[in-house]
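The block underneath contains the structure these notes are about, expressed in structure tokens.
Order of appearance sets the numbers: ligands from 1, and atoms from 1 within every ligand.
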Amino acid sequence: MNNNPIGLFDSGMGGLSVWKEIRAALPSESLIFFGDGVRCPYGSRAESEVLKFTVEAVERLIAEGCKLIVIACNTATAVAIDYLREHYADIPFVGLEPAVKPAALTTKSGVVAVLATERSLSGRLFVQTSAKYADKVQIIKSVGHDFVEIVEQGEECSARAEAAVRAVIEPIIEAGADRIVLGCTHYPFLRTTIEGVIGDREVEIIDSGSAVSRRVAQLLDENNLRAAEDHTPDYRFITLGDENYLKQLQRRAYGCCSKEKA
Ligand code: DGL
């Protein structure tokens, strides 16, 4: 059982940012990445749809023998994590949540910005977490308009990406934010572009990737599910998209901009 794969699920390619962290932190673990790719973006869809799609993906990952499942999508986590933990009690789940805590604890200006999809920002998880810090820091909520589409189309090093990022980041910095939380797994693919817009201003970008891989390691240990140290890992990719989408997933798992690496 221990050499069985860890499953990861996202609406598309964004969850590969989490896949990269887990692969680097846990090099003996086999991974199966399920990127829907057809119904992405999920961020503006109805909760009932996101729940249905997430449950379908989880069923598939369970059928593939996954020993632990990472919902590598903030939006799907916001909608489905409680349901999954209740209905699939035998499987340990790790969900993605905007890293509000480290931002709130380290901000010097007292203003932090959280970038995420509409669905994540209106979800119970985020509302509860941000309420904990609301009396100490100002939290600006901001949707990364067009960010997910840009990443899905491999355009993150383009002028379109620069303009979309500038439109979101400039007002946040002008409002005094010195911490920007990337609360969507697609957004780390835009990190270089975001850094370019920030320039030499003292603003730190925070994402959840390393915290997630630490949580996965902890759950593997708690459940005695670690792969053998000498296990040669296998990396598989599943999608509802076509052959070309599958190739993009594989290529981007090992690179950055699909257009650059193509
Ligand atoms: N990558 C996803 C997230 O972390 C969802 C993006 C989308 O499908 O809207 O929220």
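Between the side chain of Arg45 and the backbone N or O of Arg39 there is at least one donor-acceptor pair closer than 3.5 Å. At least one donor-acceptor pair closer than 3.5 Å links the side chain of Ser17 to the backbone N or O of Thr185. Looking only at distances, a side-chain donor or acceptor of Arg201 sits under 3.5 Å from a matching main-chain atom of Ile198.
Considering OG1 of Thr239 and CD of Gln250, their distance stands at 10.5 Å, rounded to 0.5 Å.
Using cut-offs of 30° and 60° on the angle between ring planes, the pair Trp19 and Phe237 is tilted. The aromatic rings of Phe34 and Phe9 sit perpendicular to each other, their planes meeting at more than 60°, with 30° as the lower class boundary.
Closer than 4.0 angstrom to ligand 1 sit non-hydrogen atoms from Asp10, Ser11, Cys40, Pro41, Tyr42, Gly43, Cys73, Asn74, Thr75, Thr117, Val148, Cys184, Thr185, His186.
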